[in-house]
Number of protein chains: 2
Amino acid sequence: MRISSNVVKSNIEEEIYKKLDVKKLASTSNIIRVVDLGCATGPNTFMTIQNLLESMKHKYQIQCPNTPTKIPEFHVFFNDQLSNDFNTLFTTLPKDIQYFAAGVPGSFHGRLFPESSLHFAYTSYAIHFLSKSPQELQQKNSPTWNKGRVHYTSACKEVVDAYAAQFGKDVRDFLDARAIELVPGGMLVMVMQGIPNGMHHSDTVNGMMYDYMGSILMEIAKEGMFDESKVDSFNLPYYGPNPEEMTKLVETNGRFSIERMELTNPAPWLKSIRQIIPEWTVHVRASMEGTFNRQFGNEVTHEMFQRLIKQLTQNIEILETKLWDMTQLFVVLKRKE
Amino acid sequence: MRISSNVVKSNIEEEIYKKLDVKKLASTSNIIRVVDLGCATGPNTFMTIQNLLESMKHKYQIQCPNTPTKIPEFHVFFNDQLSNDFNTLFTTLPKDIQYFAAGVPGSFHGRLFPESSLHFAYTSYAIHFLSKSPQELQQKNSPTWNKGRVHYTSACKEVVDAYAAQFGKDVRDFLDARAIELVPGGMLVMVMQGIPNGMHHSDTVNGMMYDYMGSILMEIAKEGMFDESKVDSFNLPYYGPNPEEMTKLVETNGRFSIERMELTNPAPWLKSIRQIIPEWTVHVRASMEGTFNRQFGNEVTHEMFQRLIKQLTQNIEILETKLWDMTQLFVVLKRKE
């Protein structure tokens, strides 16, 4: 799921104006290379790239007021997993783009580009997806066995730790690769699900929803539609970190400076949780349905989402006490010189 | 249609060893950027790229015997039209590649890359495809009207000239774009259909085949399966230039030196035209069937190819007098310093 937000857009613009030395980055070859990591099939990626490029051009013109004709050329890379539909991505590329486009298939947990070849990397609603669901969550009789749940919300500390460990490994791999690929002074912007420091996952709207998903599936299993061991062996591969965890991961890598790290509202245009439910469940279903279908089949998944909407609506008063607006983590890093 | 050939492979190796200053090209960033223009969906493109990269690495090691660990990194771009199946291309990429891969959708008659960002461009069996079939071939009562034929083999001079003019425009566009994209000293290798200077197209095996295609289609039309105006309005968008024409086009562009230009055998492993027919017609059908299907429908196209094999076999003695082995044009250019 990728939610575009004007807040994120203006935050990125601000960081580019204040901290990105576009003139210097373009000085070697007059080319600025940009990547969207985990771009899916658009069209959000095209709007985001368009905004990024406009900000960089503007910054360049501010830095070089006397050479307005020599604006750098932009080479833009759209990355996603090998299974992404690049044909759709390419055919929906706007016709009037002012940059050179390329598609890059492969996992961003590894290297995708030559050393020091990128100037700006962006990733939105992609790195909170784990590269795999932690195996220890399926170990019966172990404290990490995540029985009867599909996520970690009301699980014990061991389960949350297993998720956090996998997220940590993935982000370390991600940052290691980007630290090599980005030129010194290059910028890395990351937008993902997040949670305030010290807050328990059950205190967020998302967390409650995951809990409901698990309990509804257990309820359907008990009605005999499938065996409940299917719930035990299923763990959604998402993890929303808090700023403290993210800071530690960046510091462990050591090759980036943290320019900005803050929690923001993933959907600031929505005024209340009551308003959110219809639109939000459509988003959630669109982004998660495939994953549930593969484990539980279409019939069970459909039934689960039907009951989920009902349960969320019935529990609207409880949901209204849960955190929604600070569950998006916005991070801006710069590759140290 | 792309026919790989060991002769072409060893010719390219030779040119890289003799004339490509890999050390100098890699000196700015330690990155060598390579593109296959018109790559289709593989697997030939992967083998070709592998060979190119091995030759370049080898040349680098010869040039820099004391720094064998600092071999340049390769960024390889696979280009083809927007309608190409990039999903298949990406999923069939070998797992053990030693380079970074990207797909570039779009016409190579225009710009695809930033200025001075490529070091080596390769194109095989792609630039003899015209960007469009010349419109004047459909002008009734004009000397350029190509009535009753699907190509230019036994057409009048005006028809051949219309084809040549379109090819000339396409190649000028192609070279203009590559001259900007390639760094000075960068190499451009082109493999395409060709014909010796001064030879008439009806003296080649390919030319005869196009003639047969036209006459068979007219025959089927006369039998009442479709209206013969469909043949009049159909003109295969291929053009095989001779070295003289190609030389002029490169000289008109003016920014490349011609390092090598020669006619070679497109299938040196085949000993005689008798041997060629079965394999060749399979190739031809695979590469052209779609084009014919769109104009004439599947039934007519199937019938045409059935009759074509028969006609080629019946006329084997005539075919044996026609040129086959010098119908591939191999060109190596270097971007002037």
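Chain A is the first sequence line, chain B the second, and so forth, proteins listed ahead of strands; every chain is numbered from 1. All values below come from the heavy atoms of this structure, side chains included, with hydrogens, waters and symmetry mates left out.
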Donor-acceptor table for chain B and chain A, threshold 3.5 Å:
from   : atom 1 : to     : atom 2 : distance (Å)
B:E73  : OE1    : A:E115 : N      : 2.6
B:E73  : OE2    : A:R111 : NH2    : 3.0
B:D85  : OD1    : A:N87  : ND2    : 2.9
B:F86  : N      : A:N87  : OD1    : 2.9
B:N87  : N      : A:N87  : OD1    : 3.2
B:N87  : OD1    : A:F86  : N      : 2.9
B:N87  : OD1    : A:N87  : N      : 3.2
B:N87  : ND2    : A:D85  : OD1    : 2.9
B:G103 : N      : A:G103 : O      : 2.7
B:G103 : O      : A:G103 : N      : 2.7
B:R111 : NH2    : A:E73  : OE2    : 3.0
B:E115 : N      : A:E73  : OE1    : 2.6

Please state whether the side chain, the backbone, both or neither of A:F78 comes within less than 4.5 Å of a heavy atom of chain B.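 For A:F78, neither part sits under 4.5 Å from chain B.
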Over all heavy atoms of both residues, which pair between [X] and [Y] is shortest? Give the atoms and the distance, please.
X: A:A101; Y: B:V104; result: O-CG1, 3.9 Å
X: A:F90; Y: B:L82; result: O-CD1, 3.4 Å
X: B:A102; Y: A:A102; result: CB-CB, 4.3 Å

